[in-house]
There are 2 protein chains.
Amino acid sequence: MTSSLSPAAPSPAGPSRRELNKAATRQAITDAALSLLRSRGPGSFTVEDIADAAGISRRTFFNYFSSTDAALASVTHGFLDNAIQQFRLRPAEEPILLSAQAALMALADPMTVAPLAELFTLTQQSALMAHSELEAWDHCREQITAVARERAAGTPGADDELYLRALAGSVISCGKAAMEVWFARRGADLSPASLAELRQLLIDAMALLGSGFTAVQPPSPSRSDSRSS
Amino acid sequence: MTSSLSPAAPSPAGPSRRELNKAATRQAITDAALSLLRSRGPGSFTVEDIADAAGISRRTFFNYFSSTDAALASVTHGFLDNAIQQFRLRPAEEPILLSAQAALMALADPMTVAPLAELFTLTQQSALMAHSELEAWDHCREQITAVARERAAGTPGADDELYLRALAGSVISCGKAAMEVWFARRGADLSPASLAELRQLLIDAMALLGSGFTAVQPPSPSRSDSRSS
DNA sequence: TCACACCCTTACACTATGTGCAAGTTTGCA
DNA sequence: TGCAAACTTGCACATAGTGTAAGGGTGTGA
């Protein structure tokens, strides 16, 4: 774990050696966990297996993650933290649903989605959505609530907790629903056509939410037209 | 655990002795768990403590629940199963949001809400929503999805998975949001006024969802008016 | 360059979780 | 009554998760 390169840190005052080491260890752990998930399937390897594969002690594993579940869920966490970051970048005046849609669009690229897609397929498409997986989504929900709350400080009508929480929760649920449907339809297919379908599903989901789920009865051709690429 | 009453089962062909015993044991476990939660606070008692308090062996505990968390979450599970039951009773033609609202109304009575309210307050108002707690809500989401799917078999427009999952997830999120806000405002207050507020919050939450969260800008007096009893 | 303080890793010990198994007990049924 | 199925229990064991103290790498100031 201790790469002894030239001791001088480069001039661009980046993260310190300690931070780099920690990040590398963290990455080594999740890589090892994913590798074991690929080779043995879910639930058939232990913390010690991961620690051995990552070249660290069992105790150190627990300094980074509280369980094998949590190590795997770091993939989801990374994805969703990314989403939050994109979400924060949106202008404060923009309607929240549009911000969410835009943030999600920014994530529908192969590099970002690939780890999550693989995780989903390897864990049997959310058959038994792991505990930590649910926690990751819930954590994201809280983040969105917080951002919405900040924005609402200026907006007169959107100031109550019910509105904020209900909206944030619904956004998360719809985003999750879109990804689940996509995984169910396409598996780990990351082709441009498949990613276009994912984007369309995310747009459709946000549209459903924005319309109060009333756009059902009329079979309007502009609704969920995701099947035709 | 073995109450030796008259061996003859009563004529009203109710549940068998075995089922009664199992139900009693299950209840004894959750009672013991709740009691320990009250007296010691969350995270400060073990499975063995619960088993001792319930008068069963540690091994038997695990025949009923997979963790202390799960034992406590049975409260939430009971509440939500009740909700699903009410939900199923609604006519199939009724819009899902109305069905959800009606089902939730039926649960806003003291006897039904009390256990959940106590659990919430004892676990610091969802500060660290336990793993199993999240699972309970997720399970309920799946149930609602299933019911909606059955209904959609007849309806032409609502047949796709995205619609079903997004809607069910949003309904759950909004219901959860309403309860969270209520707990935050009222704690374990079960007075008629408090329960009326809960009902209003649930109605408001479903209304928000039904309107696509657009009823924000105009400060219409009919919106979230829950503060005035 | 050295020395010191700090952070991180690790081994060890220990409690708690969760499960398989086999024996004992209760319940259902003929 | 007697048997079969279901339930409980004790035991053993692998794994999870945490406190602690010792050792090694890292930042910093003299």
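Quick caveat: nothing in here was measured; it's all calculated off a predicted structure. Convention: sequence-line order gives letters A, B, ...; per-chain numbering from 1.
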* Neighbours of DNA chain C within residues 69-76 of chain B, by heavy-atom distance under 4.0 Å -> none
* Asked: Which residues pass the side chain to side chain contact (heavy atoms under 4.5 Å, CB included) test with Asp31(A), sequence neighbours left out?
  -> Gln27(A)
* Asked: Has Asn21(B) got a side-chain N or O lying under 4.0 Å from the OP1 or OP2 atom of dT27(C)?
  -> yes
* Contact list for residues 48-59 of chain B, test side chain to side chain donor-acceptor pair (under 3.5 Å), sequence neighbours left out -> Arg40(B)-Asp49(B), Thr46(B)-Asp49(B), Ser57(B)-Thr60(B), Arg59(B)-Asn63(B)
* Keeping to residues at least two apart or across chains, list the side chain to side chain donor-acceptor pair (under 3.5 Å) pairs with something in residues 71-80 of chain A. => Thr76(A)-Glu133(A)
* Structure fact -> Between CD1 of Ile29(A) and P of dC8(C) the distance, given in whole Å, is 13 Å
* Rounded to whole angstroms, how far apart are CZ on Arg17(A) and C1' on dT26(D)? -> 9 Å
* Residues in side chain to side chain donor-acceptor pair (under 3.5 Å) contact with Gln86(A), at least two apart in sequence or another chain -> none
* base_contact_polar (dA5(D) base, Arg18(B) side chain, donor-acceptor, <3.5 Å) -> yes
* Asked: Between dA16(D) atom C1' and His131(A) atom NE2, what is the distance in whole Å?
  -> 14 Å
* **Which residues share a side chain to side chain contact (heavy atoms under 4.5 Å, CB included) with Leu104(B), sequence neighbours left out** => Leu202(B), Met206(B)
* Asked: Which residues pass the side chain to side chain donor-acceptor pair (under 3.5 Å) test with Glu94(A), sequence neighbours left out?
  -> Arg90(A), Ser99(A)
* Residues which pass side chain to side chain donor-acceptor pair (under 3.5 Å) with Asp109(A), listed by chain and number, not counting sequence neighbours -> Thr112(A)
* **Atom pair distance, as rounded to whole Å: NZ in Lys22(B) and P in dA6(D)** => 10 Å
* Can you find a side-chain donor-acceptor pair between Ser67(A) and Asp69(A) that sits under 3.5 Å? -> no
* To do: Measure the distance from CD on Glu19(B) to P on dC29(C) and round it to the nearest whole Å.
  => 10 Å
* By salt bridge (Lys or Arg N to Asp or Glu O under 4.0 Å) - contacts of Glu118(B) (at least two apart) -> Arg38(B)
* Asked: Of all of residues 43-51 of chain B, which get a heavy atom below 4.0 angstrom from DNA chain C, listed by number?
  -> Thr46(B), Val47(B)
* Structure fact -> Per the under-4.0 Å heavy-atom filter, residues of residues 57-68 of chain B near DNA chain C come out as Arg58(B), Arg59(B), Phe62(B), Ser66(B), Ser67(B)
* Using the side chain to side chain contact (heavy atoms under 4.5 Å, CB included) rule, take Arg185(B) and Leu201(B) through it: C-alpha gap first, then chi angles, then the decisive distance, then the call. => CA-CA 11 Å; Arg185(B) 280 191 197 159; Leu201(B) 281 166; 3.8 Å; yes
* Among all residues two or more places apart in sequence or in another chain, which pass the side chain to side chain contact (heavy atoms under 4.5 Å, CB included) test with Thr145(A)? -> Arg141(A), Arg149(A), Leu164(A), Arg165(A), Ala168(A)
